[in-house]
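Down below is the structure, laid out as structure tokens.
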Amino acid sequence: MRAIALTGFDVAPEVQDLPVPEPGPGEVLVRVGHSSLNGFDLTVASGKAKDWMEHRFPVVLGRDFSGTVEAVGDGVTSVAPGDDVFGVVSHKYLGPGGFAEFTVALDELGLAKVPAGLEPAIAGVLGLAGAAAHATIEAVSPSSGDTVLVGGATGGVGAIALQLAVARGAQVIATAKPGEETEFVRGLGAHHTVDYTGDLAAQVRAITPDGVHAAIHLAGDGLQLAELVAEGGRFASSMGLGQDEMTRKDISATAIRAQPTTEVLVQLGAEVAAGRLQVPVKHTYKLEEVPQALDDFAKGSLGKLAIHVQG
């Protein structure tokens, strides 16, 4: 099978011809149709995950996937060959990945059936970003009338998180540069925008002088965002900032990790299928174009960058 893989540390990812993996107990072999880029892929490709995750080379990049079940391992009962599925490759080690014509997923984590009305190409970009966005919203728990500041609103996670906050009745302040970025987040429901290249604090205080009820840190200076949270407010970070890292103790802070459980994936898939949640895809690359996609992602992009693997 064709795959974008690393053969060792300090080696650039490239197209390789690898054997089709065999599903072990509790695993599902998926013929992959679609995937997408996430920040985690840049981390792995740059070798920065070498000290905290086991690498079983060749390491195939890509966490997201959508496709069709090809075979199942012992003990798998939730899906069967022929089922259309989507999710996140969630092994505790690096090896299988979504940037390949086949991958192995875990039956008990990171796998769900594609609901009617969810396009396979969109299902292939939803899993990791959607789960991360869901985790941030659960952490800050916005309610109707709350003001929520989303730092990194133009990225894949931020684009979904701001919509989930709006759906709960919150007033969302999104970080975005004037022009295309502002139009992008406004189109997703953001009520206000602030330019992160300017005086962010002054702009937020002009909207809500007493500070925001909650802040979501997906990019930029997390401690700066935390300073804009009102006393007793909530803060959530996808970049490792929790309560111990806070310079102030009058707010609650949570360092979140995406939890792509079947329950979360089913919920997100249903929201997209019903038209209540958008997953904006700004560009789609072929499998062999993944190295270019990685470069484009690193330079900054709006929404999600998708990978068309096959089909």
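The basis for the numbers below is simple: all heavy atoms, side chains too, and nothing from hydrogens, waters or symmetry mates. If you read the sequence from its start, that first residue is 1, and numbering goes on from there.
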> Taking only residues two or more places apart in sequence, or in another chain, which ones meet Thr182 in a side-chain hydrogen bond (donor to acceptor under 3.5 Å, both in side chains)?
Replying inline: none

> Glu54 and Leu94: side-chain contact (heavy atoms from CB on, under 4.5 Å), yes or no, with the steps?
Replying inline: CA-CA 6 Å; Glu54 178 188 356; Leu94 294 173; over 6 Å; no

>> Checking Ile216 against Ile137 for the side-chain contact (heavy atoms from CB on, under 4.5 Å) test, could you report, in this order, the C-alpha distance in whole Å, the side-chain angles of both residues, the deciding distance, and whether it holds?
In response: CA-CA 8 Å; Ile216 293 172; Ile137 294 301; 3.8 Å; yes

> Listed by chain and number, what are the ring-ring contact (aromatic ring centres under 6.0 Å, His included) partners of Tyr285, not counting sequence neighbours?
Replying inline: His283

> Run the side-chain contact (heavy atoms from CB on, under 4.5 Å) check on Leu29 and Val72 step by step: do they pass?
Replying inline: CA-CA 6 Å; Leu29 178 65; Val72 299; over 6 Å; no

> What residue pairs, at least two apart or across chains, pass side chain to side chain donor-acceptor pair (under 3.5 Å) with a residue in residues 3-20?
Replying inline: none

>> Taking side chain to side chain donor-acceptor pair (under 3.5 Å) as the cut-off, I'd like each qualifying pair that reaches into residues 29-48, sequence neighbours left out, listed once.
In response: Arg31-Glu70, Ser36-Asp64, Ser36-Lys304, Asn38-Asp64, Asn38-Lys304

>> With salt bridge (Lys or Arg N to Asp or Glu O under 4.0 Å) as the rule and sequence neighbours excluded, what pairs involving residues 129-143 come up?
In response: Glu138-Arg168

> Apart from Phe235 itself, which Ile, Leu, Val, Met, Phe, Trp or Tyr residues share its cluster (side-chain heavy atoms under 4.5 Å, direct or through members)?
Replying inline: Leu149, Ile173, Val194, Leu200, Val204, Ile207, Val212, Leu223, Leu225, Leu228, Val229, Leu241, Met246, Ile251

> Applying the 4.5 Å side-chain criterion to the ILVMFWY set and letting contacts propagate, would Leu218 and Met239 be lumped into a single cluster?
Replying inline: no

>> Listing request: all side chain to side chain donor-acceptor pair (under 3.5 Å) pairs with a residue in residues 209-235, at least two apart in sequence or in separate chains.
In response: Asp146-Arg234, His217-Ser237, Glu227-Thr247

>> Under the ring pair (Phe, Tyr, Trp, His ring centres under 6.0 Å) definition, can you give me all pairs with a residue in residues 60-98, not counting sequence neighbours?
In response: His91-Tyr93

> Which atom names give the shortest non-hydrogen contact between Glu27 and Gly24, and what distance separates them?
Replying inline: OE1-N, 2.8 Å

> Can you list every salt bridge (Lys or Arg N to Asp or Glu O under 4.0 Å) pair that touches residues 87-99, not counting sequence neighbours?
Replying inline: none

> Applying side chain to side chain donor-acceptor pair (under 3.5 Å), which residue pairs with at least one partner in residues 249-263 are found, sequence neighbours left out?
Replying inline: Arg248-Asp250

> Please, which pairs that meet ring pair (Phe, Tyr, Trp, His ring centres under 6.0 Å) have at least one residue in residues 174-198, sequence neighbours excluded?
Replying inline: none

Which pairs of donor and acceptor atoms, one on a side chain in residues 97-118, lie under 3.5 Å apart (sequence neighbours left out)?
{"from": "Glu101", "atom 1": "OE1", "to": "Arg2", "atom 2": "N", "distance (Å)": "2.9"}
{"from": "Glu101", "atom 1": "OE2", "to": "Arg2", "atom 2": "NE", "distance (Å)": "3.4"}
{"from": "Thr103", "atom 1": "OG1", "to": "Gly97", "atom 2": "N", "distance (Å)": "3.4"}
{"from": "Thr103", "atom 1": "OG1", "to": "Gly97", "atom 2": "O", "distance (Å)": "2.9"}
{"from": "Asp107", "atom 1": "OD1", "to": "Ser78", "atom 2": "OG", "distance (Å)": "2.2"}

>> Could you see if Leu302 belongs to whatever hydrophobic cluster contains Leu37? Use Ile, Leu, Val, Met, Phe, Trp, Tyr and a side-chain cutoff under 4.5 Å.
In response: no

> Given Gln292 and Asp296, is the side-chain hydrogen bond (donor to acceptor under 3.5 Å, both in side chains) satisfied, shown in steps?
Replying inline: CA-CA 6 Å; Gln292 179 61 54; Asp296 292 345; 2.8 Å; yes

> How far apart are the C-alpha atoms of Leu61 and Leu294, what are their side-chain angles, what is the distance that settles it, and do they pass the side-chain contact (heavy atoms from CB on, under 4.5 Å) test?
Replying inline: CA-CA 11 Å; Leu61 297 183; Leu294 289 166; 4.2 Å; yes

